[in-house]
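Only this structure's heavy atoms are used, side chains among them; waters, hydrogens and symmetry mates stay out.
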Amino acid sequence: MTSSIRIKNICELPIISGSRNDTRKKISCITIGQREAEEQFSSDIHLDAFIILLVLSGKGRTVINYKTYDIQADTLLLLSSAHLFHFGECSDDFQCQCLFVSKAFTDEMDSTDMIYRRTKYGVRLYNEPVVPLEHSHAGLLAERLISINKNIDRTEHFYHKEVILNRLFAFYLDLSDILERTNLPHTDGCLTRYESIIKSFIELLATHYRKEHKVDFYAAQLNLSAHHLTQIVKLVTGQSVSDFIFEMLFSEARNLLTHSKLSVQEIATTLNFSDQSSFGKFFKRKAGISPVDFRKDVLSVEEG
């Protein structure tokens with residue numbers, strides 16, 4: 001593999017990070033064109049979020065978990081935190097609606113997750129996450145996404161989160177109905193053993209990476225030896241287990257330094273480093289600068 005995987009929270013995406021609406025750092029619904037698609041999603045990226053991408057016009061290609069798909073208008077992509085993806089070869093008229101729902105948002109609102117689980121995002125859609133839609137169905141989902149987007153910006157509403165949740169309900173229920181009627185790909189409900197292990201590993205990682213930094217923990221959860229898990233992850237992704245763990249930690253560290261008021265010591269504790277010094281060494285090794293200098297740079301950019 002020629003390029004490393006980028007693991008990010010949605011609030012780190014340039015198309016989201018500049019927003020003054022804090023809610024958009026947890027849930028965001030935006031439309032991107034060819035330039036944004038290829039600038040921000042041109043190499044493998046893992047987002048700690050549930051993602052829906054609805055192609056409105058044009059055509060292109062996407063690579064999801066190392067499998068290539070041709071996409072065009074009325075194509076729906078259903079991605080979870082267990083998917084790695086990137087775009088390429090998008091036409092000049094390419095447009096895509098994107099819904100990003102972070103784990104932080106679903107953690108605050110369990111009922112959203114309940115609706116999410118009612119849809120057919122099981123093994124079949126993990127394996128084949130690209131769904132061609134009838135034009136009328138795509139139009140209905142596009143309208144729902146526009147409504148979600150409008151209500152994210154209604155920050156003055158006394159029931160702001162509840163209104164967003166209501167619009168999400170409508171979207172997820174329509175999506176469930178459409179998927180029930182759609183002839184989904186037949187994968188016999190089976191992943192290969194390696195695919196199943198990778199999926200389970202990434203889902204475990206998304207839940208535990210703040211506290212668990214050792215390969216042994218994830219291997220034990222999967223009833224594997226650390227060596228065997230390392231071999232499988234390396235074979236399928238080209239990255240080591242430690243690469244994934246450290247990239248998740250680095251992503252969350254950047255997020256907390258940028259968007260929280262926690263001290264560097266508190267961030268080190270939150271991410272389960274033994275002390276501030278070990279966290280500082282880890283961060284500097286990844287970023288090239290200390291956590292303190294990174295935060296100063298962020299503040300200077302915002303003030304400028």
Sequence neighbours left out, what passes side-chain contact (heavy atoms from CB on, under 4.5 Å) with A73? Give chain and number order.
-> none
List in chain and number order the residues that pass side-chain contact (heavy atoms from CB on, under 4.5 Å) with S263, two or more places apart in sequence or in another chain; answer none if no residue qualifies.
-> Q265, E266
Drop me the distance from [X]'s [atom1] to [Y]'s [atom2], to the nearest 0.5 angstrom.
X: Q40; Y: R35; atom1: CD; atom2: CZ; value: 8.5 Å
X: L168; Y: I148; atom1: CG; atom2: CD1; value: 4.5 Å
X: Y209; Y: S251; atom1: OH; atom2: OG; value: 6.0 Å
X: D70; Y: T75; atom1: CG; atom2: OG1; value: 9.5 Å
X: L54; Y: L99; atom1: CG; atom2: CG; value: 10.5 Å
X: C98; Y: I30; atom1: SG; atom2: CD1; value: 5.5 Å

With sequence neighbours excluded, residues passing side-chain hydrogen bond (donor to acceptor under 3.5 Å, both in side chains) with [X]:
X: S147; answer: R167
X: H137; answer: none
X: T62; answer: none
X: E38; answer: Q34

Who pairs with H213 by ring pair (Phe, Tyr, Trp, His ring centres under 6.0 Å), at least two apart in sequence or on another chain?
-> F273
Quick one: ring pair (Phe, Tyr, Trp, His ring centres under 6.0 Å) partners of H157, sequence neighbours excluded?
-> none
Result of checking I32, T31, I71 against C96 for side chain to side chain contact (heavy atoms under 4.5 Å, CB included) | I32
Can you find a side-chain donor-acceptor pair between N255 and T258 that sits under 3.5 Å?
-> no
Exercise: do N149 and R24 side chains pair donor with acceptor under 3.5 Å = yes
Under the side chain to side chain contact (heavy atoms under 4.5 Å, CB included) criterion, do E252 and M248 qualify, and how do the steps go?
-> CA-CA 6 Å; E252 183 68 356; M248 288 287 277; over 6 Å; no
Check: [Y] and [X] side chains under 4.5 Å, non-hydrogen atoms:
X: R295; Y: I267; result: yes
X: L76; Y: L175; result: yes
X: L205; Y: I245; result: yes
X: I178; Y: L133; result: yes
X: R254; Y: F294; result: yes
X: Y218; Y: H208; result: yes
X: L257; Y: V264; result: yes
X: I232; Y: F201; result: no

Are [X] and [Y] grouped together when hydrophobic residues (ILVMFWY) are joined by side-chain heavy atoms under 4.5 angstrom apart?
X: F246; Y: F244; result: yes
X: V163; Y: V101; result: no
X: V63; Y: I198; result: no
X: F217; Y: V241; result: yes
X: F169; Y: I146; result: no

Show which side-chain atoms of residues 278-285 pair as donor or acceptor with protein atoms under 3.5 Å away, not counting sequence neighbours.
residue	atom	partner	partner atom	Å
S278	OG	S274	OG	3.2
S278	OG	D275	N	3.3
S278	OG	D275	O	2.9
S278	OG	D275	OD1	3.2

Side chain to side chain contact (heavy atoms under 4.5 Å, CB included) between I45 and L84, intermediate numbers included = CA-CA 5 Å; I45 186 169; L84 300 162; over 6 Å; no
Any residue meeting salt bridge (charged side-chain N to carboxylate O under 4.0 Å, His left out) with E134, in chain and number order, not counting sequence neighbours | none
Name all residues meeting the salt bridge (charged side-chain N to carboxylate O under 4.0 Å, His left out) criterion together with K67; count only those two or more places apart in sequence or in a different chain, and write none if there are none.
-> E128
Would you say the side-chain atoms of H83 pair up with the backbone N or O of I64, donor to acceptor, closer than 3.5 Å?
-> no
Shortest non-hydrogen contact from A49 to S102?
-> CB-CA, 3.9 Å
Parallel under 30°, tilted from 30 to 60°, perpendicular over 60°: which one fits the rings of F50 and Y172?
-> tilted
Under 3.5 Å, which donor-acceptor pairs do the side chains of residues 88-95 form with other protein atoms, sequence neighbours left out?
residue	atom	partner	partner atom	Å
S91	OG	K59	N	3.0
S91	OG	K59	O	3.3
S91	OG	D93	OD1	2.6

Above 12 or not: heavy atoms from other molecules or residues under 6.0 Å from CZ of R154?
-> yes
